[in-house]
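First up is the structure itself, then whatever we jot down about it.
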Amino acid sequence: SLEVLSPWSGEIVSNSQTPDGWVHTNIAHDNGQVSELAFKGRSMDLKPGVSLEAGQKLGVLSLDEPILRWGIKPEDGLTA
């Protein structure tokens, strides 16, 4: 199975799963960036406020549809 890992250390902002199997995870990273990850598969039980290490497991991709989307934006929401 393919694991989904946190790219940097930080804190879970939100983590949810839709009925059709999409996991949506937002992470506020220590480097000032925010990751918005969406993937088909199974999420770890990560509640808002949980601290993450770089490389920590967030979930596992679906074998049938191994799709991962990753967006990055500055924490303040402004573009450079």
Side-chain angles (χ1 to χ4, degrees):
S1 62
L2 295 173
E3 295 183 346
V4 178
L5 308 177
S6 179
W8 302 296
S9 60
E11 182 177 299
I12 294 287
V13 175
S14 64
N15 187 43
S16 62
Q17 186 154 6
T18 62
D20 62 351
W22 279 96
V23 175
H24 296 275
T25 304
N26 289 339
I27 305 167
H29 296 290
D30 298 335
N31 64 6
Q33 301 298 307
V34 173
S35 284
E36 297 176 342
L37 295 109
F39 60 94
K40 290 281 275 203
R42 187 170 38 88
S43 174
M44 302 302 292
D45 185 25
L46 299 169
K47 306 289 185 208
V50 168
S51 293
L52 297 172
E53 298 295 326
Q56 186 168 333
K57 185 176 175 180
L58 302 173
V60 179
L61 290 180
S62 163
L63 294 177
D64 296 331
E65 296 180 83
I67 301 166
L68 169 66
R69 296 182 182 135
W70 176 29
I72 307 169
K73 65 181 183 181
E75 196 165 8
D76 60 13
L78 300 176
T79 56

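Every heavy atom of this structure was used, including side-chain atoms; hydrogens, water molecules and symmetry mates were not.
In plain terms, the two heavy atoms of Ser51 and Gln56 that are nearest each other are O-OE1, 3.9 Å. Closest of all the heavy-atom pairs between Ala54 and Pro7 is CB-O, 4.1 Å. For the residue pair Asp30 and Gly10, the shortest heavy atom distance occurs at OD1-CA, 3.7 Å. Residues Gly41 and Gln17 approach most closely at O-NE2, 2.8 Å, considering heavy atoms. Contact record, Ser43 with Asn15: OG-ND2, 3.0 Å, taken as the closest heavy-atom pair.
For the side-chain hydrogen bond (donor to acceptor under 3.5 Å, both in side chains) criterion with Glu36, the lone passing option out of Arg69, His24, Lys73 is Lys73.
Clustering of Ile, Leu, Val, Met, Phe, Trp and Tyr by side-chain heavy atoms under 4.5 Å joins Ile27 with Leu2, Val4, Trp8, Ile12, Val23, Leu37, Phe39, Met44, Leu46, Val50, Leu52, Leu58, Leu61, Leu68, Trp70, Ile72. Through direct or indirect side-chain contacts shorter than 4.5 Å among Ile, Leu, Val, Met, Phe, Trp and Tyr, Leu5 is connected to no other residue.
Judged by distance alone, with hydrogens and angles left aside, the side-chain atoms of His29 form a donor-acceptor pair with the main-chain N or O of Ser9 at under 3.5 Å.
Sorted by first and then second residue, the pairs that involve residues 49-67 and meet salt bridge (charged side-chain N to carboxylate O under 4.0 Å, His left out), not counting sequence neighbours, are Glu3-Lys57, Lys40-Glu65.
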